[in-house]
Amino acid sequence: MVFTPVLSAHWDEPDSFTIDGYTRHCGYEALTKALAMQPDDLISLVKDSGLRGRGGAGFPTGMKWGFIPQGPEGQGAKSHYLVVNADESEPGTCKDVPFMMANPHALVEGVAIASYAIRANHAFIYVRGEVVHVIRRLQEAVQQAYAAGHLGKNIHGSGYDLEVLVHAGAGAYICGEETALLDSLEGYRGQPRLRPPFPATHGLYASPTVVNNVESIASVPSIVLGGAEWFASMGTEKSKGYTLYSLSGHVTKPGQYEAPLGITLRQLLELSGGMREGRTLKFWTPGGSSTPLLTADHLDVPLDYEAVSAVGSMLGTKALQCFDDTTCVVRAVLRWTEFYAHESCGKCTPCREGTYWMVQILERLEAGDATEADIDTLLDTCDNIFGRSFCALGDGATSPIVSGVQLFRDEFTQHLTSGGCPFDPAASTVFAGVSSAGVTA
Amino acid sequence: MPQAPVDTSKVPPLTEQTRAEAREIIARYPRSRSALLPMLHLVQSVQGYVSPDGIRLCSEELGLTKAEVGAVATFYTMYRRRPAGTYHVGVCTNTLCAVLGGDAIFASLKEHLGLGHNETSDDGTISLEHLECNAACDYAPVVMVNWEFYDDQTPQSARDLVDALHAGNPPAPTRGPSRLATFKEVSRVLAGFNDGLGQEGPAAGPATLVGLEIAKQRGDTAPPYPASASPTQTPEEP
Ligand SMILES: Cc1cc2nc3c(=O)[nH]c(=O)nc-3n(C[C@H](O)[C@H](O)[C@H](O)COP(=O)(O)O)c2cc1C
Ligand code: SF4
Ligand code: FES
C-alpha cells in the first residue's frame, strides 16, 4: 500500500463536508469513545501513537499536551485553551485549506477530543482570513456540531462543556508562528513573544495553551478509533503515521496525496505521472519555502523528519513545490526573499533589515547588475540572520538563498556574465505555447 | 502615484446596528480585545475599508486609544486604507504561482484594467492587488476575488473574469458558493456573521482529489481499524 487515505478517504463524496457526510463514516464516534476515557489516558494514547505536529516543526503532539499544568494550584488552576493553527501561509503549503473545505467536521471532532484531554473548556480555530469559503464551512460545521450536541454543554451526556469559536485572521504570514498567533488572537499586532515562558504555561491570556496545526488535531479521531498501534503501523521508525503531501508546480498532477511518512518524491512522481512532458526536475522544496531546496539528487530521500534533515533540509509542511529546467533559480529565490521581507514583522533587526537588503542585492543580481562579491555579501547577510533572529521566520528567509547558491552558484554567476537573466519566463508558465491563454506582452 | 483623498460622501456611515453587532462580537470572546480583528472586518463590511470612523468605533467599544487600534489595523494586509472595489481581485505572485503564470496574469490585468497594485477603479467596481501564497498552489496560477478561489487561470481567463465583474455578472468561484458575494458581504462572514453559503459548492476541487483517485485505482487503503481498538463500531470498509 503506497497510499493510505484516512483524512482524505471520503473527500470525493459531494457532501463530505456536512455533518451527515461525516457521521456516515463513524464521525463523532471517536468523541464518544474519548469522553469515556480519562483525559490523561488520552494524552498517553496520543503519545504512544507517535503523532508529531504537522505544522512544520514535528514536535510530538502528546508530549505537548502533557506539558499543560493540571491540578488546582498555580497555572494549572487557570482556564486552559486549545488554539488550532489554521493560518496556512507558508509558501507552497496547501493541505489544511482543502482539508477544511472538504471535511471540517474531522477538525471539529479533533478539537473536542484534544480540548477534553488537556481540560480546556474553550477552543479557537484561528484561520487565515483570505479563504472565505473555508471559513464558512468551519463556522457551519461548528454550528452543526453544537446543534447535534457534539459541542456546548454536557457533550454526549458526559458533563464536559466546550465552547469553540472560529476566528478569522486578517493577512499576515507571521501569525502562523504560534506566539504571534496568540498575540493576534488577543487583538494585538501579530508579533512573536519571548520564550520562555512557553504557551503551555503562559499562552492565550497568559494561561495554559496548546497550539496545534489543523492536520495534527484532525488526525486525533482516527488515533482514538484505531489505536496507537494502528497509527504507528504506518510511517517510519521515528516518523509515525499517515500524512498529506501537497504536490505542486511543473508536475503532471498537482494535488493532495495521503501516504505514510517516508514515501519518496520519486514514488509520488512515478505514480502521479511525473514532471510535465519533456521537462526534468530542477529543484524542489520538501516543506515550503522555508525548507532548503533539494534537487533530483534527492528524489530517493524518504520524506520523514529524520531523513530530510539528514540531507540538510527539513520536512516542514510537506509542500513539495517542484520546478523544472525552464525555471530560473535566481528569480525563484528573489521572489521568496521578497515574500520574507514583506512578511517580516519588524520586531528584530537581523530579519527586518537583513531581508530588506537581501532583496536589493538579489534584484541587482537578477538584472546582471552586481558582482561576484555580492553573492558572498548575500551569504554573509544570511549568516547574520540565521540563528540571530527572534523567531524562525528569519531563519526560514535564509533557506532559499543559502541552498540556492550552494546548489546553483553557476547560475547566479551566469546572470552576472550574461548581463541579466538567461531564462524565458514564458516557457515556465503552465500555458506556454497555448494560444487561447491570451498571453499579450 | 498618490491617490486623491477618500470621498467620504460616498462611504455609507457606521450605524447603531454596526455598534450593536460590534458588541455582539465582543460578547463571543473571553476578553474583549480579542474581538478587535473581527470588528475591523465588520467595519469593512459596511464601509469597504477601515475608516477613521471605524477606528473610533472600535476604540470606543473596546476602551482602547485610536492609536492602539490604528497600530493593529495597519499591521494586517487585509485591512484597507481606501475603499476596496465591489470586487477585490487578488493575483497570487508568490514564487510558485508567479513562475507558473501569475506574473503574466498580474501584468495583463494591470494593463487591461489600467490599475496598479492596491488601486481601485473610478467607478468603484474593481480593486486590484497581488497576493502572497493563498494555500492553493495545486491550482496555480490562482486568482482570488473577494477571497473566493478562481483556480487554474490564464491571462485570457483572468481578463474575461474582470470583464464579467465589470459587466455585473460574475461567474461562480471554482471552489465556492454558486454566487460570488461582494467584498462587503464577504467581510461580514470574516467578522463572524455566517451567510449560510457554506453548504453550496463542491466538497473538493479536482486537484484535491488526485491522490485519492490514484489510491482507489491502485486499490490502496489505510489498514482497517483493528476490531479490538474500537468496540463501538465496525472498521471502515476498505
Ligand atoms: C513564520 C512561521 C509561520 C508558521 N506558520 C504556520 C502555519 O501557518 N500553520 C501551522 O500550523 N504552523 C505554522 N508555524 C509553526 C507554528 O509556530 C507551530 O509550531 C505549530 O502551529 C505547532 O503545531 P503542531 O505541533 O501541531 O505542528 C509557523 C511557524 C513560523 C515560524
Ligand atoms: S525574525 Fe522577523 S518575523 Fe521573527 S520576530 Fe524577527 S522581525 Fe519578526
Ligand atoms: S504560490 Fe500561489 S497559491 Fe501558493
Side-chain angles (χ1 to χ4, degrees), chain A residues 1-6 8 11-12 14 16-17 26 29 33 88 91-92 94 97-98 102 129-130 132-133 135-137 139-140 165 168 170-172 185-187 189 205 225-227 230 233 248-249 253-258 271 321 327 332 335-336 339 428-431 437-441, chain B residues 28 30-31 33-34 36-38 41 71-72 75-79 94-96 98-101 103-104 107-108 132-138 140 144 147-148 154-156 159 175-176 186 189-190 194 197-198 201 203-204 207-212 214-215 220 222-223 225-226 229-230 232-233:
Chain A
M1 298 288 163
V2 177
F3 297 109
T4 50
V6 176
S8 64
W11 289 355
D12 55 350
S16 70
F17 59 90
C26 314
E29 288 185 18
K33 193 174 166 190
E88 188 159 76
C94 52
V97 157
E130 301 97 324
V132 68
H133 205 51
I135 293 168
R136 289 190 185 100
R137 291 239 161 120
Q139 289 170 339
E140 291 171 28
L165 194 62
L185 184 52
E186 290 184 6
R189 300 163 75 102
Y205 312 131
L225 286 182
W230 168 82
S233 73
S248 65
K253 280 209 159 114
Q256 307 303 317
Y257 295 82
E258 196 173 357
L271 294 172
Q321 309 177 85
T327 316
R335 191 56 61 88
W336 278 318
F339 164 79
S428 300
T429 65
V430 282
F431 38 79
V439 182
T440 44
Chain B
R28 292 176 187 156
R31 298 206 187 166
R33 186 164 176 160
S34 284
L36 180 51
L37 266 63
H41 284 305
V72 172
F75 184 82
Y76 297 93
T77 53
M78 287 177 79
Y79 298 132
N94 200 296
T95 305
L96 190 115
V99 167
L100 266 64
D103 277 355
S108 169
E132 299 301 352
C133 176
N134 220 88
C137 324
D138 46 348
M144 306 296 294
W147 312 117
E148 305 278 14
T154 66
Q156 184 64 54
R159 288 195 298 267
R175 289 175 290 149
V186 158
V189 178
L190 302 182
N194 183 262
L197 299 181
T208 304
L209 297 176
V210 290
L212 179 59
I214 295 174
D220 283 5
Y225 294 148
S230 180
T232 64
Q233 45 101 55

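A, B, ... follow the sequence lines: proteins, then strands. Residue 1 opens every chain. Side chains are part of it too, since the values below use all heavy atoms of this structure and drop only hydrogens, waters and symmetry mates.
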### Query
For A:Trp336 and B:Thr95, does a side-chain donor sit closer than 3.5 Å to a side-chain acceptor?
yes

### Task
Indicate yes or no for a side-chain donor-acceptor contact from B:Thr77 to the backbone of A:Gly171 under 3.5 Å, with no hydrogens or angles considered.
yes

### Task
Measure from the side-chain N and O atoms of B:Glu148 to the backbone N and O of B:Gly176, and report whether any donor-acceptor pair falls under 3.5 Å.
no

Shortest non-hydrogen contact from [X] to [Y]?
X	Y	result
A:Ala168	B:Leu190	CB-O, 3.5 Å
B:Gly198	A:Arg137	O-NE, 2.7 Å
B:Val210	A:Gly255	CG2-CA, 3.7 Å
B:Met144	A:Glu130	CE-O, 3.4 Å

Measure distances from [X] to the heavy atoms of chain B and classify the residue's part below 4.5 Å as side chain, backbone, both or neither.
X	value
A:Pro14	backbone
A:Val97	side chain
A:Leu165	side chain

Which one of [options] has the most heavy-atom pairs closer than 4.5 Å to chain A?
options	result
B:Val99, B:Leu209, B:Leu36, B:Asp103	B:Val99
B:Thr154, B:Asp220, B:Asn94, B:Thr208	B:Asp220
B:Arg28, B:Gln156, B:Arg33	B:Arg33

Out of [options], which one racks up the most heavy-atom pairs below 4.5 Å with chain B?
options	value
A:Gly249, A:Pro98, A:Ala102	A:Gly249
A:Glu258, A:Glu88, A:Glu186, A:Arg189	A:Arg189
A:Ser8, A:Cys94, A:Gly92, A:Pro91	A:Cys94
A:Trp11, A:Trp230, A:Tyr257	A:Trp230

### Message
Does any part of the side chain of A:Glu140, heavy atoms only, come nearer than 4.5 Å to the side chain of A:Phe17, both counted from C-beta?
### Response
no

### Query
Given a strict heavy-atom distance threshold of 4.5 Å, which part of B:Ala104 is in contact with chain A: side chain, backbone, both, or neither?
side chain

### Contact class of B:Leu197 relative to chain A, heavy atoms under 4.5 angstrom
both

